[in-house]
K.L.:
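Structure below; questions to follow.
Just so it is clear, the structure is predicted and the values come from calculations on it, not from any experiment. In this chain, residues are counted from 1 in sequence order.
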Amino acid sequence: MTRILEHGMLRRFCLTLATLVLASASLYGDDNERTVTKLADGVYAIRHKTEGNVNGNTTVIIGDREVFVVDSCYSPSQAREDIAQIRQWTDKPVGFLLNTHFHNDHNNGNRTYLDAFPSLVIIAQEETKKDMDLIQPGNVERTPAQLARTAAAFKEGKTPSGRTLTEDEKKQVQELLPGLEKRAEEMKTVVYQTPTLAFHDRLDIDIGNREVQVKYLGRGNTAGDAIVYLPKERILAAGDLMVYPIPYTYDGFPSEWAQTLEKMAQLDPAIIVPGHGPVFHDKAYLSLMTDLMKSSVDQVRARIRQLGFPGSHTVDDLKGFVDLTPFRVKFAGDDKDLQAEFDDMAEHLVKITFSEAAQR
């Protein structure tokens, strides 16, 4: 899935903010509405409207005593909308909120939840809390100005880097501008809220006749990816360990990521809520992502065996020796925009695979 706007500051690649915004319009198209999916009695997945910016999914788990929420989404207004919906479903308070990882489209709503439920416990894996405390306060400070500069450039018919927009891009921008300006104003209201409880590998929480298992199965998309599993219902909330339609591979630990995905599969979930995208009712996409990670790792390692110590080489020495194109049609089908996104993702997956190997 194309990452856009503020989340672009987390990306370590050279696409401009404007490029990401414009790409989002074509990739999301008209299928960009907030949707709620009932997964079981008292268990719901919320897929948020993107409104020109990336936005993670939220899972709501209702027990007899309290509510457990997975990820607080990107904006305070959308967090408030989720809270209002939760109050329609139940009069029980939200007692626990898990941040699956440090990306701000999964935790900008923390303070909104805490204001609504003062006794709330905000949970994160210990590495995620470290990353959030290091990175997110600066993100909160920078984002409004970055969005404002982008909006101003768009009004002048340019990207923030100064490139003149094409006529088609200008039409897309005109549709995006009102939401972008609104978001710039709203981001001024975001207050960073750190997790209040850090865990190492596992937490088992009873929210009243419902067991919620919080697990750290290993590194993947980030150093501290946490998942939630409901053993009775066989429902798994995966965070950005799984992103649809194109995985988010601009940072991470591919060899460990593959192992983490395999551990997720061993839980035998019947329903999977990814960090972005629709709910899955089988493990097919989980298997596809696992195969992609393994292929990148195996091919990079094969080349390193030819080269020797990777610290004496660069990723350029892998050119022509690592080929992930057989996966393109499996992820992107015939969609040209998704194919371009896949190619960009694959390039960066190879880079982080090599970087991980070189740092061992």
K.L.:
Can Q213 and E211 be said to form a side-chain hydrogen bond (donor to acceptor under 3.5 Å, both in side chains), step by step?
P.N.:
CA-CA 6 Å; Q213 297 179 354; E211 180 185 2; 3.1 Å; yes
K.L.:
Taking the side chain as C-beta and beyond, is there a heavy-atom pair between F96 and I205 under 4.5 Å?
P.N.:
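A side-chain contact under 4.5 Å exists here.
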K.L.:
Quick one: do D133 and K129 satisfy salt bridge (charged side-chain N to carboxylate O under 4.0 Å, His left out)? Show the steps, please.
P.N.:
CA-CA 6 Å; D133 289 343; K129 176 174 168 53; 3.1 Å; yes
K.L.:
Between the side chains of R34 and Q85, does any donor sit under 3.5 Å from an acceptor?
P.N.:
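Looking only at side-chain atoms, Q85 and R34 do form a donor-acceptor pair, the distance falling under 3.5 Å.
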K.L.:
So D131 and Q136, side chain to side chain contact (heavy atoms under 4.5 Å, CB included) or not? Walk me through it.
P.N.:
CA-CA 8 Å; D131 285 341; Q136 299 302 45; over 6 Å; no
K.L.:
Can you name the nearest heavy-atom pair linking G56 to C73, along with the distance?
P.N.:
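Minimum heavy-atom separation between G56 and C73: O-CB, 4.2 Å.
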K.L.:
Report yes or no: do H276 and N57 form a side-chain donor-acceptor pair below 3.5 Å?
P.N.:
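Note: H276 and N57 side chains miss the donor-acceptor criterion.
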K.L.:
Should M345 and P247 count as side-chain neighbours, where that means a heavy-atom distance under 4.5 Å?
P.N.:
yes
K.L.:
Give a yes or no on whether the backbone of D344 and the side-chain of H348 come within a donor-acceptor separation of less than 3.5 Å.
P.N.:
yes
K.L.:
Please answer: with hydrophobic residues joined when any side-chain heavy atoms are less than 4.5 Å apart, are M132 and I123 in the same cluster?
P.N.:
no
K.L.:
Under the criterion side chain to side chain contact (heavy atoms under 4.5 Å, CB included), I'd like the reasoning laid out for T58 against V70: C-alpha separation, chi angles, the key distance, then a yes or no.
P.N.:
CA-CA 6 Å; T58 291; V70 182; 6.0 Å; no
K.L.:
With side chain to side chain contact (heavy atoms under 4.5 Å, CB included) as the test, would you mind laying out the steps for K49 and N55 before giving the verdict?
P.N.:
CA-CA 7 Å; K49 184 175 180 179; N55 213 337; over 6 Å; no
K.L.:
Quick one: are P76 and M187 in side-chain contact, heavy atoms under 4.5 Å?
P.N.:
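They are in side-chain contact.
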K.L.:
Between the side chain of N107 and the main-chain N/O of N110, is any donor-acceptor distance below 3.5 Å?
P.N.:
no
K.L.:
If we count only N and O atoms by modelled type, under 3.5 Å, do the side chains of Q146 and R149 hold a donor and an acceptor together?
P.N.:
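Note: Q146 and R149 side chains miss the donor-acceptor criterion.
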K.L.:
Just by distance, with hydrogens left out, do S355 and Q359 show a side-chain donor and acceptor under 3.5 Å apart?
P.N.:
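Yes, side-chain donor-acceptor contact under 3.5 Å.
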K.L.:
If you look at every heavy atom in A79 and G109, which pair is closest and at what distance?
P.N.:
CB-CA, 4.1 Å
K.L.:
Ignoring hydrogens and geometry beyond distance, is a side-chain donor-acceptor pair present between D71 and T100 at under 3.5 Å?
P.N.:
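Result is yes, a qualifying pair exists.
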K.L.:
Can you tell if the side chain of I235 reaches within under 4.5 Å of the side chain of Y229, non-hydrogen atoms only?
P.N.:
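Not in contact.
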K.L.:
May I ask you to say whether K182 pairs ionically with E185, meaning some side-chain N is under 4.0 Å from a carboxylate O?
P.N.:
no
K.L.:
Write down the atom of A116, the atom of R87, and the distance for their closest heavy-atom approach.
P.N.:
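Heavy atoms of A116 and R87 come nearest at O-NH2, 3.4 Å.
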K.L.:
With a 6.0 Å cut-off on the ring centroids, do Y248 and H103 count as close?
P.N.:
yes
K.L.:
Examine distances only and state if a side-chain atom of T128 and a backbone atom of G224 form a donor-acceptor pair shorter than 3.5 Å.
P.N.:
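The answer is yes, because a donor-acceptor pair under 3.5 Å joins these two groups.
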K.L.:
Please examine the side chains of E262 and K294, heavy atoms only from C-beta on, and report whether any two atoms are closer than 4.5 Å.
P.N.:
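Yes - at least one pair of side-chain heavy atoms lies under 4.5 Å apart.
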K.L.:
For G252, does its backbone N or O pair with a side-chain atom of W257 as donor and acceptor, under 3.5 Å?
P.N.:
no
K.L.:
Compute whether any side-chain donor of one residue and acceptor of the other, for E186 and S77, lie under 3.5 angstrom apart.
P.N.:
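A pair is found: one side chain offers a donor N or O, the other an acceptor, under 3.5 Å apart.
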K.L.:
Between A40 and E233, which heavy-atom pair has the shortest distance, and what is it?
P.N.:
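Closest pair (atom of A40, atom of E233, distance): CB-CG, 4.2 Å.
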K.L.:
Does a side chain donor of either Q78 or H48 reach within less than 3.5 Å of an acceptor in the other side chain?
P.N.:
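There is no such pair between these side chains.
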K.L.:
For the pair D316 and K319, find out whether any cationic side-chain nitrogen is under 4.0 Å from an anionic carboxylate oxygen.
P.N.:
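A salt bridge is present here (some side-chain N lies under 4.0 Å from a carboxylate O).
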K.L.:
Would you call R210 and D64 a salt bridge, using N to O less than 4.0 angstrom?
P.N.:
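D64 and R210: not salt-bridged.
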K.L.:
Kindly say whether I122 contributes a backbone atom to a donor-acceptor pair with the side chain of T196 at under 3.5 angstrom?
P.N.:
yes
K.L.:
Show your working on side chain to side chain contact (heavy atoms under 4.5 Å, CB included) between I135 and Y192 and close with a plain yes or no.
P.N.:
CA-CA 10 Å; I135 297 169; Y192 173 62; over 6 Å; no
K.L.:
At their closest point, which heavy atom of P310 faces which heavy atom of A357, and how far apart are they?
P.N.:
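Of all heavy-atom pairs spanning P310 and A357, the closest is CG-O, 3.9 Å.
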K.L.:
Determine yes or no for a side-chain-to-main-chain donor-acceptor pair under 3.5 angstrom, with Q125 supplying the side chain and D201 the backbone.
P.N.:
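Here the side-chain-to-backbone pair does not exist.
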K.L.:
Tell me, do I61 and V69 make a side-chain contact under 4.5 Å, heavy atoms counted?
P.N.:
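Counting from C-beta outward, I61 and V69 never come under 4.5 Å.
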K.L.:
I'd like to know if the side chain of D298 and the backbone of S295 have a donor-acceptor N/O pair within less than 3.5 Å.
P.N.:
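Here the side-chain-to-backbone pair does not exist.
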K.L.:
Short question: side chain of E66, backbone of G208 - any donor-acceptor pair under 3.5 Å?
P.N.:
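Here the side-chain-to-backbone pair does not exist.
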K.L.:
List the atom of D291, the atom of F327, and the distance in Å for their closest heavy-atom pair.
P.N.:
O-CZ, 3.6 Å
K.L.:
Taking 4.0 angstrom as the limit, do R219 and D225 come out as a salt bridge?
P.N.:
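Looking at D225 together with R219, the answer is no, because their closest N to O distance does not fall below 4.0 Å.
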K.L.:
If we count only N and O atoms by modelled type, under 3.5 Å, do the side chains of Q339 and E341 hold a donor and an acceptor together?
P.N.:
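There is no such pair between these side chains.
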K.L.:
Charged N to carboxylate O below 4.0 Å: is that the case for K283 and D268?
P.N.:
yes
K.L.:
Considering only NZ, NE, NH1 and NH2 on the basic side and carboxylate oxygens on the acidic side, decide whether E356 and K351 come within less than 4.0 Å.
P.N.:
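A salt bridge is absent here (no side-chain N lies under 4.0 Å from a carboxylate O).
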K.L.:
To the nearest 0.5 Å, what is the distance between CZ (R303) and NE2 (H313)?
P.N.:
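Result: 8.0 Å between the selected atoms.
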K.L.:
For the backbone of R163 and the side chain of K158, can you confirm whether one donor and one acceptor N or O come within less than 3.5 Å of each other?
P.N.:
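No; zero donor-acceptor contacts below 3.5 Å.
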K.L.:
Does NZ or CZ of R328 lie under 6.0 Å from the centre of the six-membered ring of F342, at an angle within 45° of the ring axis?
P.N.:
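Cation-pi check for R328 and F342: fails.
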K.L.:
Between D240 and H101, is there a side-chain donor-acceptor contact under 3.5 Å, judged purely by atom types and distance?
P.N.:
yes
K.L.:
Taking the six-membered ring for Trp, is the centroid-to-centroid distance between Y244 and Y285 below 6.0 Å?
P.N.:
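Close enough - the centres of the two rings lie under 6.0 Å apart.
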K.L.:
I'd like to know if I62 and L120 are part of one continuous hydrophobic network [Ile/Leu/Val/Met/Phe/Trp/Tyr, side-chain heavy atoms within less than 4.5 Å].
P.N.:
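Yes; tracing contacts between hydrophobic side chains, which count when under 4.5 Å, links both residues.
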K.L.:
L261 and side chain to side chain contact (heavy atoms under 4.5 Å, CB included): which partner among L288, L292, L217, L286?
P.N.:
L286
K.L.:
Cut-off 3.5 Å, side chains only: do D323 and T325 have a donor facing an acceptor?
P.N.:
yes
K.L.:
For residues L39 and V273, determine if any side-chain heavy atom of one lies less than 4.5 Å from a side-chain heavy atom of the other.
P.N.:
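With C-beta onward as the side chain, the pair touches.
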K.L.:
Quick check for you: to the nearest 0.5 Å, what is the distance between E156 atom CD and T164 atom OG1?
P.N.:
10.5 Å
K.L.:
Flag the pair F68 / V228 as yes when at least one side-chain heavy-atom distance between them is below 4.5 Å, and no otherwise.
P.N.:
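Yes, close enough: below the 4.5 Å cut-off.
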K.L.:
Would you call D204 and R202 a salt bridge, using N to O less than 4.0 angstrom?
P.N.:
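Yes.
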K.L.:
Is a donor on one side and an acceptor on the other found under 3.5 Å between the side chain of D105 and the backbone of Y74?
P.N.:
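It does not hold such a pair.
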K.L.:
Run D82 and R80 through salt bridge (charged side-chain N to carboxylate O under 4.0 Å, His left out) and show every step you take.
P.N.:
CA-CA 5 Å; D82 291 351; R80 286 192 293 270; over 6 Å; no
K.L.:
Could you go step by step and tell me if E181 and K155 meet the salt bridge (charged side-chain N to carboxylate O under 4.0 Å, His left out) rule?
P.N.:
CA-CA 11 Å; E181 292 174 326; K155 285 182 177 180; 2.6 Å; yes
K.L.:
Do NZ/NE/NH1/NH2 and the carboxylate oxygens of K130 and E126 come within less than 4.0 Å?
P.N.:
no
